[in-house]
Amino acid sequence: MPAIPRYYQAKTKLLELLGELPDNTPFPPERELSGLFGMSRTTIRKALDELVLEGKLIRRAGRQGTAVAPRQQVHRLSLDSLVQDLATRESVVVRSIGAQDVINVESVLVRGDEPIGVRSTYLRASQFPGFAELYNRDTPLRRFLADRYKIRFGELHPWCTTALATPRLAGLLDVRPATPVLSISWMAHDFRGVPIERSWVVLRGDRAHLTMHLPRADHVVRRSTA
């Protein structure tokens with residue numbers, strides 16, 4: 001079994017300590033943590049950097065050091081809610097891209113006053129004439145496409161990856177650049193198999209948990225071994 005990296009051991013210990021402290025409590029300095037856990041300050045610093053990047057610790061200006069980040073509500077989302085659009089949103093941008101006249105619909109997904117994700121959808125303008133002028137930004141995109149253009153969507157096959165927030169995404173999500181995020185992408189077709197939309201959603205890893213439904217084991221058809 002490969003050895004567990006020292007910085008990860010340090011991070012585990014720091015997480016245990018962090019869990020015992022209230023929000024906004026000053027966190028012990030590197031020197032104190034190094035002596036407490038018997039690890040080098042370089043190892044402790046790397047673990048602290050990751051916890052800051054993940055939003056569990058915050059760095060204060062000047063020499064005030066780090067503190068426990070406020071523990072805010074984590075929102076549970078389903079794939080259906082991402083596909084159909086969340087009920088609340090901060091903004092929607094519709095723009096054409098390049099010579100092919102591709103429409104891009106972008107929205108910042110919010111819960112309460114906090115951004116938790118960004119959704120971006122690309123459509124072929126030739127399939128949806130007059131879209132920019134007709135689109136009602138208060139209506140979920142898929143509902144609008146179904147009502148206005150009589151689109152009937154078929155099955156969806158999304159895929160998920162982890163990524164680091166670009167400076168632009170970080171600004172939209174109110175996080176630091178390079179913060180870990182969850183990226184979900186899909187290509188949607190209508191019931192005849194014609195491509196309709198190419199979409200992706202980026203979710204803040206510290207504010208959104210994605211739930212998925214799997215069929216029960218007794219619903220799985222097994223090949224007979226007789």
Side-chain angles (χ1 to χ4, degrees), residues 53-55 74-128 131-132 134-149 151-214:
L53 198 61
E54 293 170 5
V74 174
H75 305 282
R76 296 191 179 276
L77 307 171
S78 68
L79 184 59
D80 287 343
S81 69
L82 298 179
V83 172
Q84 299 297 339
D85 292 344
L86 292 177
T88 56
R89 67 188 66 206
E90 187 174 38
S91 63
V92 175
V93 177
V94 180
R95 55 177 175 260
S96 297
I97 301 176
Q100 294 180 354
D101 201 18
V102 177
I103 299 168
N104 176 219
V105 183
E106 184 177 87
S107 54
V108 178
L109 310 176
V110 299
R111 282 286 175 87
D113 296 326
E114 186 175 48
I116 61 173
V118 174
R119 170 175 169 161
S120 189
T121 296
Y122 294 87
L123 306 166
R124 293 178 180 172
S126 59
Q127 289 180 287
F128 306 100
F131 179 93
L134 297 171
Y135 181 46
N136 178 0
R137 290 159 173 77
D138 295 325
T139 303
L141 177 59
R142 282 199 153 204
R143 186 186 307 166
F144 171 78
L145 295 178
D147 293 346
R148 181 71 192 186
Y149 296 99
I151 297 297
R152 292 171 54 194
F153 286 94
E155 291 186 353
L156 204 63
H157 301 283
W159 59 93
C160 302
T161 60
T162 56
L164 300 177
T166 63
R168 180 174 180 275
L169 280 175
L172 294 174
L173 294 173
D174 194 23
V175 298
R176 292 175 179 270
T179 295
V181 293
L182 179 65
S183 177
I184 304 142
S185 306
W186 64 85
M187 173 68 80
H189 300 75
D190 68 11
F191 71 103
R192 299 168 299 177
V194 177
I196 298 297
E197 66 172 34
R198 172 72 170 86
S199 296
W200 56 262
V201 174
V202 173
L203 296 174
R204 287 178 55 170
D206 63 335
R207 294 293 180 266
H209 286 176
L210 187 65
T211 61
M212 296 185 181
H213 171 74
L214 295 175

- prompt: Looking only at heavy atoms, which two atoms of Pro115 and Val110 are closest? And how far apart?
  reply: CA-CG1, 3.8 Å

Other residues, nucleotides, ligands: >12 heavy atoms within 6.0 Å of Arg198 CZ: yes

- prompt: Do Arg119 and Leu141 have side chains that get closer than 4.5 Å, going by heavy atoms?
  reply: yes

query: Considering the options Val118, Val202, Val201, which one meets the side chain to side chain contact (heavy atoms under 4.5 Å, CB included) requirement together with Leu109?
result: Val201

Ala178 versus Leu164, closest heavy-atom pair with distance: O-CD2, 3.2 Å

task: Mind checking the CG-CG spacing from Leu123 to Asn104? Nearest 0.5 Å is all I need.
output: 8.5 Å

message: Could you measure the distance from the CD1 atom of Ile151 to the CZ atom of Phe144? Nearest 0.5 Å is fine.
response: 11.0 Å

task: Verify whether one side chain among Ser126 and Asp101 offers a donor that lies under 3.5 Å from an acceptor in the other.
output: no

query: Could you give the distance from OG1 (Thr139) to CZ (Arg148), rounded to the nearest 0.5 Å?
result: 12.0 Å

- prompt: What distance separates Trp159 CH2 from Ser185 OG, expressed to the nearest 0.5 Å?
  reply: 5.5 Å

task: State the OH-CD distance between Tyr122 and Glu106, to the nearest 0.5 angstrom.
output: 7.0 Å

- prompt: Looking only at heavy atoms, what is the nearest atom pair of Ala125 and Ile103, with distance?
  reply: CA-CD1, 3.7 Å

message: Using modelled atom types and a 3.5 Å cut-off, is there a donor and acceptor pairing between side-chain atoms of Gln127 and backbone atoms of Pro195?
response: yes

message: For a side chain to side chain contact (heavy atoms under 4.5 Å, CB included) check, start with the C-alpha distance between Phe128 and Leu134, then their side-chain angles and the critical distance, and finish with the verdict.
response: CA-CA 10 Å; Phe128 306 100; Leu134 297 171; over 6 Å; no

query: To the nearest 0.5 Å, what is the distance between CZ (Arg168) and CG (Leu173)?
result: 10.0 Å

query: What class does the angle between the rings of Tyr149 and Phe131 fall in, given that below 30° is parallel, 30 to 60° is tilted and above 60° is perpendicular?
result: parallel

query: What heavy-atom pair brings Arg204 and Val175 nearest, and what distance separates the two atoms?
result: NE-CG1, 3.5 Å

